[in-house]
Amino acid sequence: MKLPDLQNEAVVIQMQKARSKTASLLWLLFRYILIIGISFTILYPILQQLSVAFKDKTDIYNPTIYMIPVHFTMENVRYAMAVLNYWPLLKNTLIFAASTTLLQAASCSLAGYGFARFHFPGKNILFTLVVLTILIPSSTLMVPMYIHFRSFDLFGVIHLATGKEGINMLNTYGPSLITAALANGLKSGLFIYIFRQFFRSMPGEIEEAALIDGAGGIRTFFTIMLPNAVPPLITVILFAFVWQYNDIFYASLFNSSSDLMSIKVSSLPADANQYLPGIMGLAGGENVKVDPNQVSLIVDTGILLAISPLIVMYLFVQRFFVESVERSGVVG
Amino acid sequence: MNLKRLTLTQKRSLLGILFIMPWLLGFVFLFATPLLQSIHFSFSDMKIAPGGGYTLDFIGWANFKNALSVDPNFNRILTQSLSEMAWNVPMILFFSLFTATLLNTRFVGRPFARAIFFLPVILASGAIAAAQTSGLIQLTGSSEIAKELGQQQNGFDPLTLAFTLSDAGLPMWFIEYIISAVERIYEIIKSSGVQILIFLAALQSVPVSMYEVAKMEGATAYETFWKITFPMVSPLILTNIIYTIIDSFTNSQVTTAIYNTAFQAQNFGLSAAMSWIYTAVISVVLIIVGILVSRKVFYYN
């Protein structure tokens, strides 16, 4: 009587093993399908733009083409670069974004360190105000900021000295640089928060040791704390750079006629329609229009050109980036 | 001795104030002042003089009344963007938590998958995202062949899914919700990059020993998720809700409306009033969400 029972049990165990194996195999398969699906959804628009960028205009009306063009051409890239005035524009935008990013990282790390490591009266209230700057929509401050920078005059000094109404700073990089340097630029509150969280988690003994060895507070910050704050620095610099590069709100508020990538890209469809006939050398005055499908080819190529610096940058730093976000203590 | 220590503390606190000085200056001149001015503007009829100055006439609540009852679009846009927010936040949260758990497991090609999943953080913001959408619409919109190509690309038919779900006996509003999520999957993926990052960081901070104990006690993966993972990341759910709500300002129609009222219609007072109504509504939403969610949140420490 006992033998079959045992056998049965063995069979049951084998069955269970097989079942759990299939289940985990199915789960693995399911996971891969999901990951590949989502990755495809993310990459698809970029792939499509890549396909469009090198597609010759004769291929527009060929319905048998899917993604890979038959006739390759660099024509679209050339025209898009001409419409955007690409290289000077890129240089301008990079200088602009890099300088605001550096200023912002500097001012926000200072403030974050101050909030994390020092005790002074009103600290908690002030930090609540930092959080408030994150929460208030920027459109609330838009009009006063515009007027403020339209006739920029700190403490009325210029009015006293020259009797004029102040300097018009619109369409210069002034407003963005000033807001960045004073830690009130694009999403600065968030960056202060990130730095504060990180500095709070660093052991206090480091500072004590530095103090005993005779380093003042400022020197401690620059020689000990800041070099150790690489993870939040990378996070903040990357985010600040990307957001500044992409920003349209402040850019159109302060720099509506400057050469900035975000401004040019958002007016690209209109610009392409307007300037393409001239660039292509089509004679015949204002009524000559380029084939709208070719225009959209060029517009798409222009967008690809605009995002490609970010993609190239991301390729280099992405590994570093994900790790640094995990370590920078965004979680608290 | 006592005196010396006191001066040291005082020195330290002075140094602290020195460190936050740039921010404090910026806060006073670039945040607090404009904020107060903006309140002032919202109660005034404001005219900009060509030289650089401006004039203000106090008109009481007229701007607010204008925004809410005279302006033809503002109410509609405001309710629309709020309902969109209410619609999107759960989707983004669910998707980002799900994706973060997915990315947190070990599998071949994980670094590669991560790199792709965070690409939207870089690309999907501001001008480029907007131009991208308009560019793609243009490309598929103008010629017959392009249209056909577009239809081919949109090969997924949501009706099949709808029928399957309704056969399963799910309520209609839920089916609609799922289908709108499926149809706008790209939009959702695009706006959940940072949220995935935050959740992923949270998942990594869950102590491994907890999972080991659960495994030894014989908990299934499902139980482990709901009993360990979910409570441990729940504080970050609140953070992510708030982040998602704030993030929706940047490309909200309301912001565009406020901008256009100010700089195209040149009605600065009305624009300030609109922005204050928006701020008030958002604060109420944030407070309600904060209270509701923080009750359910589990704090480990």
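Because the structure is predicted, anything quoted here is derived from the model rather than measured. We name chains A, B, ... by the order of the sequence lines, and we start the count at 1 in each one.
- With a 4.5 Å cut-off on non-hydrogen atoms, A/L190 touches chain B through its side chain but not through its backbone.
- Aromatic ring centroids of A/F195 and A/Y113 lie 6.0 Å or more apart.
- Among B/F31, B/F199, B/W276, the residue making the largest number of heavy-atom pairs under 4.5 Å with chain A is B/F31.
- A/I178 touches chain B through backbone and side chain together, each having a heavy atom under 4.5 Å away.
- Using a 4.5 Å cut-off between heavy atoms, B/S38 touches chain A through backbone and side chain atoms alike.
- Judged by distance alone, with hydrogens and angles left aside, the side-chain atoms of B/T33 form a donor-acceptor pair with the main-chain N or O of B/V28 at under 3.5 Å.
- Looking at A/A181, only its backbone comes within 4.5 Å of chain B, counting heavy atoms on both sides.
- Interface residue A/I35: backbone and side-chain heavy atoms are both found under 4.5 Å from chain B.
- Not a single donor-acceptor pair under 3.5 Å links the side chain of A/K187 to the backbone N or O of A/I134.
- Of the listed residues (A/H119, A/M145, A/R31), the greatest number of heavy-atom pairs within a distance under 4.5 Å of chain B belongs to A/R31.
- In terms of heavy-atom pairs under 4.5 Å with chain A, the best-connected choice from B/I282, B/V108, B/L203 is B/V108.
- Here B/L30 is the residue among B/L14, B/L30, B/I39, B/I245 with the most heavy-atom pairs under 4.5 Å with chain A.
- Contact of A/Y32 with chain B is made through the side chain alone, with heavy-atom distances under 4.5 Å.
- Both the backbone and the side chain of A/L129 have a heavy atom closer than 4.5 Å to some heavy atom of chain B.
- Proximity to chain A (any heavy atom under 4.5 Å) is shown, for B/L36, by neither the backbone nor the side chain.
- Below 30°, between 30° and 60°, or above 60°: for A/F191 and A/W243 the angle between ring planes is below 30°, a parallel geometry.
- When A/L28, A/L34, A/T179, A/L126 are compared by the number of non-hydrogen pairs under 4.5 Å with chain B, A/L126 comes out ahead.
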Verdict with reasoning, A/M313 to A/L238, per side-chain contact (heavy atoms from CB on, under 4.5 Å): CA-CA 9 Å; A/M313 187 182 77; A/L238 198 83; 3.8 Å; yes
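- A donor-acceptor pair under 3.5 Å is absent between the side-chain atoms of B/S42 and the main chain of B/L270, judged by distance alone.
- For A/F199 against A/G112, the heavy-atom pair with the smallest separation is CD1-C, 4.1 Å.
- Contact of B/F112 with chain A is not made at all, since no heavy-atom distance falls under 4.5 Å.
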Step-by-step ring-ring contact (aromatic ring centres under 6.0 Å, His included) determination, A/F221 to B/F19: CA-CA 10 Å; A/F221 176 73; B/F19 270 112; 5.2 Å; yes
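- A distance-only check finds a donor-acceptor pair linking the side chain of A/Y314 to the backbone of B/A115 [under 3.5 Å].
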